[in-house]
Amino acid sequence: MLNYLPLLLFLSFFCFTSLAAKGPYALRISCGARKDIRTPPTKTLWYKDFAYTGGIPANATRPSYISPPLSTLRYFPLSEGPENCYNIHRVPNGHYLVRIFYGLVEDPNFDNEPLFDISVEGTLVDSLNTGWSNQDDENVFTETIVFLTDGTLSLCFHSTGHGNPAILSIEIQQIDDKAYDFGPHFGKGSMLKTVKRLSCGQGRPKFGEDYGGDPWGGDRFWNSLKTFGQSSDKAISVESRIKKSSIAPNFYPQGLYQSALISTDVEPELTITLDVEPNSNYSIWFHFAEIDPSITKAGERVFNILINGDVVFKAVDIVSLSGDVKTALVLNTTVAIDGQTLTINLQPKNEGHATITAIEVFRVITVEAKTSADEVSALQSIKKALQLPRRIGWNGDPCVPQQHPWNGADCRFDSAKRRWYIDGLGLDNQGLHGYLPNDISKLSHLQSINLSGNSIRGSIPPSMGNIKTLKILDFSYNFLNGSVPETLGQLHSLKILNLNGNKLSGRIPASLGERLLHRASFNFTDNAGLCGMPGLRTCGPHLSTGAKVGIVLSACLVLLLIVGCLFVWWKRRQNILRAQRLAGREAPYAKRRTQFSRDVQMTIHNQGARTASENGPILLS
Ligand SMILES: *[C@@H]1O[C@H](CO)[C@@H](O)[C@H](O)[C@H]1NC(C)=O
Ligand SMILES: *[C@@H]1O[C@H](CO)[C@@H](O)[C@H](O)[C@H]1NC(C)=O
Ligand SMILES: *[C@@H]1O[C@H](CO)[C@@H](O)[C@H](O)[C@H]1NC(C)=O
Ligand SMILES: *[C@@H]1O[C@H](CO)[C@@H](O)[C@H](O)[C@H]1NC(C)=O
Ligand SMILES: *[C@@H]1O[C@H](CO)[C@@H](O)[C@H](O)[C@H]1NC(C)=O
Ligand SMILES: *[C@@H]1O[C@H](CO)[C@@H](O)[C@H](O)[C@H]1NC(C)=O
């Protein structure tokens, strides 16, 4: 063992260093692409399309110059189902920045600009509005910051009946676990959706990589804000080093802090107003660095920060808070917004001027609870066994986002367990084929199931008897065969059982018959050969297992007896035959003896019948 120690040490050192050198996990997909692509200027690698549940690849029109330079996309017409997803597996658990760019299908016959909903890990994060493709640059993508805990990232696109969702690219970039820690509600129960990221005083929008940013920063997109309006401010910039930039946990690039906007005497306050979704919480991040050469020490610039009229930071002094000039300062706050606007206001004190470097605004979104894993796997088995057509969908999570549950699935939330359960399943008249899988019983909260009017074959799984909550079971008008499982008798809540119009046969379990007395409604008509219910033919005599064993045993006994008798008869016959054969060989003697005995008898008779009977039989030998 000792001999291996240096090798082990070397190996562990090697592993550690190679892991450390690997940096954050990053994956980029060029949707609709048939091969991997590297895009200029940074030779970013985009994998060819994979992990999608359906859809059609097509050539793309990029709606904005900030879109990655990719030429294909994947779109999802309704025939591919109302929801389609990218399910990306083997993503290490961690904190991620996830960005999805949209495209427009390059085809003159297409109604451009589809409107659809986007969910990340089952949580609705965006709904595209009319005009998204020709407004601000931020509208051509959705970006979220989310914790992934189950090794899989699920991104889904939900049709809303306005065109076909079309996805240009997907980027998944790991960031620091503490990045964008916005306070008490930060963690696995919430995610951030980027509303705006503004770099003040910059000439043009930039990505983190344009700034030479650290990969742990997640290649953020910074839109440019040249002015707050009407020359009320002026842009300044420097080339000098900015202290405390590019540090954990957010790794804001140094370049971000090398420009800023400063208010002027025309309008000493800086004000920015954004349209937001009402009744949401917003996390707002302010970036500062004192790069104005006229400010050299603490106390020379002091201002208040207000949001919708409320002071959120009082007497902000950049030099004092950051420790020096040309030093990055990040402040964050979370506010609840009732209305549709978010107004940020920087109010200088002592007739000074306000300044700002950058602003980030995120909507705080509560992560949806998911559907019980057992029930999801049961639905997956059903999807497979019933050969669900694509148009029905069934991708992503069955119950969330709550706005887009699966076709035919009724969901119920258990707030104690923070899980969704399937309450009802209605896939009647859907042209389904296939059979019912045994797994169906894993839907253990099901109260109602209606698969009426399909072409389902095979038998009713006996495991159905385990779904104790079942009240309504309608399998009418299919091609189910075999018998009605005895186990259905265990369904004590069952009120409606429609098995009419199938090919079922055999006896209906007596336990179900008893239920009719309790005002349940059962229909067994139109089947191949069901018996044992009023209105159906009567079955043959019903025998218990004991009786059946008895019958078999007695039948065996009778058979044995017959065989025994036959044997005895055959043996006797053999004896007689042998005797006859012997008799044939010694015929004269035998004849003589027979004749003799008859003569003797006759003699006796003639002497007096009475004597003979009184003296008993005469022995002849
Ligand atoms: C997409 O564009 C390429 C050329 O860039 C062309 O060869 C191909 O036929 C186009 N595909 C479709 C579906 O229009
Ligand atoms: C953001 O502010 C909260 C307090 O509101 C604080 O707990 C948190 O550490 C701040 N995050 C960063 C990254 O500075
Ligand atoms: C906003 O946050 C508060 C707690 O800080 C929470 O009680 C409230 O439900 C949140 N509102 C929304 C819409 O998420
Ligand atoms: C099941 O669906 C069929 C067809 O849509 C409908 O006629 C029937 O009433 C439903 N069954 C129950 C028990 O609701
Ligand atoms: C039921 O039908 C299937 C074919 O659909 C057949 O394989 C099976 O043997 C049938 N079972 C019974 C009990 O008739
Ligand atoms: C049972 O089903 C048959 C058709 O298979 C229908 O004619 C009949 O009305 C149904 N009976 C009840 C009580 O619903």
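Both ligands and their constituent atoms are indexed starting at 1 by order of listing. Numbering starts at 1 and runs along the sequence shown.
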- Would you call the rings of Y96 and Y25 parallel, tilted or perpendicular if under 30° counts as parallel and over 60° as perpendicular? perpendicular
- One finds that the ligand 6 atoms under 4.0 Å from a non-hydrogen atom of Y477 are 4 (C), 5 (O)
- Atoms of ligand 4, numbered as shown, that sit under 4.0 Å from any heavy atom of N429: 4 (C), 5 (O)
- Query: Would you call R74 and D49 a salt bridge, taking side-chain N to carboxylate O under 4.0 Å as the test?
  - Reply: yes
- Query: What are the atoms of ligand 6, with element, lying closer than 4.0 Å to any heavy atom of T525?
  - Reply: 1 (C), 2 (O), 3 (C), 4 (C), 5 (O)
- Heavy-atom proximity to atom 8 (C) of ligand 6, best of N523, N527, N502, D526: N523
- Would a search of protein heavy atoms around atom 11 (N) of ligand 6 find one under 4.0 Å away? yes
- D275 atom CG: more than 12 heavy-atom contacts under 6.0 Å: no
- Message: Please list the nearest protein heavy atom to atom 1 (C) of ligand 5 with its residue and the distance rounded to 0.1 Å.
- Response: N481 ND2, 1.4 Å
- Task: Would you please say whether a donor-acceptor pair under 3.5 Å links the side chains of Y86 and T53?
- Result: no
- Can you tell me the protein heavy atom closest to atom 6 (C) of ligand 4 and the distance? N450 ND2, 4.1 Å
- Task: Heavy-atom contacts with I472 under 4.0 Å: which atoms of ligand 4 show up? List them by number with element.
- Result: 13 (C)
- Message: What I want to find out is whether R391 reaches E80 closely enough, with some N-O distance under 4.0 Å, to be called a salt bridge.
- Response: no
- Task: Check step by step if side-chain hydrogen bond (donor to acceptor under 3.5 Å, both in side chains) holds for D397 and T371.
- Result: CA-CA 7 Å; D397 189 284; T371 306; 2.5 Å; yes
- Task: Report yes or no: is the cationic atom of K503 (NZ for Lys, CZ for Arg) under 6.0 Å from the centre of the six-membered ring of F479, at an angle within 45° of the ring normal?
- Result: no
- Query: Y435 ring centre to R457 NZ or CZ under 6.0 Å, with the angle to the axis within 45°?
  - Reply: no
- Taking atom 3 (C) of ligand 5 as the reference point, report whether a protein heavy atom occurs under 4.0 Å from it. yes
- Ranked by distance from atom 13 (C) of ligand 5, the top protein heavy atom is G482 CA, 3.8 Å
- Query: Heavy-atom contact under 4.0 Å between F524 and ligand 6?
  - Reply: no
- Query: Counting only heavy atoms not in F186, do more than 12 fall under 6.0 Å of its CZ?
  - Reply: yes
- Item | Polar atom proximity, D474 to ligand 4 (N or O, under 3.5 Å) | yes
- Tell me, which protein residue and heavy-atom name are nearest atom 5 (O) of ligand 4, and how many Å apart are they? D428 OD2, 2.7 Å
